[in-house]
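For reference, the structure is listed below as structure tokens.
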There are 2 protein chains.
Amino acid sequence: MDLSVRNDLTCQVRDVLDRVGDKWTLNVVYQLRDGSRRFTDLKRSIEGISQRMLTVTLRNLERDGLVERTVHAVVPPRVDYELTEMGQTLLKTAWELIDWAERHAEDIAHARVRYDAIP
Amino acid sequence: MDLSVRNDLTCQVRDVLDRVGDKWTLNVVYQLRDGSRRFTDLKRSIEGISQRMLTVTLRNLERDGLVERTVHAVVPPRVDYELTEMGQTLLKTAWELIDWAERHAEDIAHARVRYDAIP
DNA sequence: CAGTATCCATCTGGATACTG
DNA sequence: CAGTATCCAGATGGATACTG
């Protein structure tokens, strides 16, 4: 990537960061790390997510080509979700940032304590 | 990092992602890539940012120990901001994600067109 | 089971005006 | 120059009820 031609983030990149930065996306992507999962299965494993937000998050991921949705014609309904290849590369990349966050969580917490102690 | 002990994102990581995913943080961090910059200088180079949001964003970064703020006792006031060492590692790591976003922006745009064409 | 539909509280950030 | 203060619109996401 040529940084020299650009001095702020492009709109498309902003768009992807908005997605990745939202409340549930990375969590859902992470839950799909080892293969396909069912809707209710996902819901159970992501603490605190509402049915609505799981649906919204999965739809967005599907729309972006990061997750594939498979409906099985059975009763009761069975729907599986799994990462596409692109979705897997996102997980891999985003994980670096999550890893950074974990490695620096303590430093950041300390910095905040120091900062808040000043006034 | 041991993934096996955890099946969702920790609160602290969530916290960092909220910061990184907000509207201006990465842009500000990026503007500081080559060294210290002044407030108004930053404002000019980040298209669309309001004075309020630049202040808020810089304060948050400072509070987290990612940016250092230096006030020079001159008139008119002069305040410089620069990345700390930790801030530099954030830039480096976040950049991988931005790079991913750029590399896949086209694929995602196409996926959306396909998805939206279905109904 | 896997959703949709509605409503509503909260949060984020933009506009504007003022200041040491 | 480098902020702070106030107000407000729109986006985000949670609760709840209903359905093929």
Side-chain angles (χ1 to χ4, degrees), chain A residues 8-9 11 14-29 31-32 36-64 67-82 115-116 118-119, chain B residues 8-9 11 14-29 31-32 36-64 67-82 115-116 118-119:
Chain A
D8 61 357
L9 303 177
C11 188
R14 181 67 266 156
D15 213 55
V16 173
L17 291 174
D18 284 343
R19 177 65 30 88
V20 169
D22 77 13
K23 194 167 176 184
W24 300 109
T25 291
L26 284 187
N27 225 320
V28 170
V29 168
Q31 296 304 324
L32 295 172
S36 81
R37 305 276 300 271
R38 299 181 63 172
F39 185 88
T40 302
D41 184 22
L42 284 171
K43 178 149 173 24
R44 264 193 304 264
S45 60
I46 302 174
E47 201 184 310
I49 196 168
S50 65
Q51 198 163 20
R52 183 177 111 82
M53 287 315 296
L54 180 54
T55 301
V56 168
T57 303
L58 285 168
R59 285 294 176 280
N60 284 334
L61 286 167
E62 190 196 357
R63 179 169 182 260
D64 288 354
V67 158
E68 191 179 352
R69 178 172 180 266
T70 309
V71 182
H72 302 275
V74 295
V75 180
R78 176 195 176 105
V79 182
D80 289 331
Y81 293 91
E82 78 185 300
Y115 185 90
D116 294 342
I118 294 175
Chain B
D8 61 358
L9 302 177
C11 189
R14 180 69 266 155
D15 214 54
V16 173
L17 291 174
D18 284 344
R19 177 66 28 89
V20 169
D22 77 12
K23 195 167 175 184
W24 301 109
T25 291
L26 284 187
N27 227 320
V28 170
V29 168
Q31 297 302 325
L32 296 172
S36 82
R37 306 277 299 273
R38 299 182 62 172
F39 186 86
T40 302
D41 182 22
L42 284 170
K43 179 150 173 21
R44 266 194 303 266
S45 61
I46 302 174
E47 200 184 310
I49 196 168
S50 66
Q51 199 163 20
R52 183 176 110 83
M53 287 316 297
L54 180 54
T55 301
V56 168
T57 304
L58 286 167
R59 286 294 175 281
N60 283 333
L61 286 167
E62 191 196 357
R63 179 169 183 259
D64 287 355
V67 158
E68 192 179 351
R69 178 173 179 266
T70 308
V71 182
H72 302 274
V74 294
V75 179
R78 176 193 175 104
V79 181
D80 288 331
Y81 293 91
E82 79 184 301
Y115 186 90
D116 294 343
I118 295 175

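First the proteins, then the strands, lettered A, B, ... as listed; each starts at 1.
At distances below 3.5 Å, not a single donor-acceptor pair connects side-chain atoms of A/R19 with backbone N or O atoms of A/L61.
Comparing D/dG13, C/dG13, D/dC1 against the side chain of B/R38 picks out D/dC1 as the nearest. Among the nucleotides C/dG3, C/dC1, D/dG13, the one closest to any side-chain atom of A/F39 is C/dG3. In the set C/dA2, D/dC1, C/dA17, C/dA2 carries the atom at the smallest distance from any side-chain atom of A/V79.
Nucleic acid contact for B/R52: base, since at least one base atom lies under 4.0 Å from a heavy atom of the residue. Using a 4.0 Å heavy-atom cutoff across all strands shown, B/T55 reaches at least one base atom of the nucleic acid.
Looking at B/N27 and B/I49, their side chains never come closer than 4.5 Å, going by heavy atoms from C-beta outward. The closest side-chain heavy-atom distance from B/R59 to B/T55 is below 4.5 Å.
Between A/R69 and the phosphate of C/dG3, there is a side-chain N or O to OP1/OP2 separation shorter than 4.0 Å. Between A/S50 and D/dA15 there is no side-chain polar atom (N or O) within less than 4.0 angstrom of OP1 or OP2. Between B/Y81 and D/dG3 there is a side-chain polar atom (N or O) within less than 4.0 angstrom of OP1 or OP2. Phosphate contact (OP1/OP2 of D/dG3, side-chain N/O of B/R78, threshold under 4.0 Å): absent.
With a cut-off of 3.5 Å on both Watson-Crick or G-U wobble distances, the partner of D/dA15 is given as C/dT6. Base pairing annotation: D/dG20 forms a Watson-Crick or G-U wobble pair with C/dC1, both donor-acceptor distances under 3.5 Å.
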message: Could you go through B/R37 and B/Q31, starting from their C-alpha distance and side-chain angles, then the distance that decides it, and tell me whether this counts as side-chain contact (heavy atoms from CB on, under 4.5 Å)?
response: CA-CA 8 Å; B/R37 306 277 299 273; B/Q31 297 302 325; 3.6 Å; yes

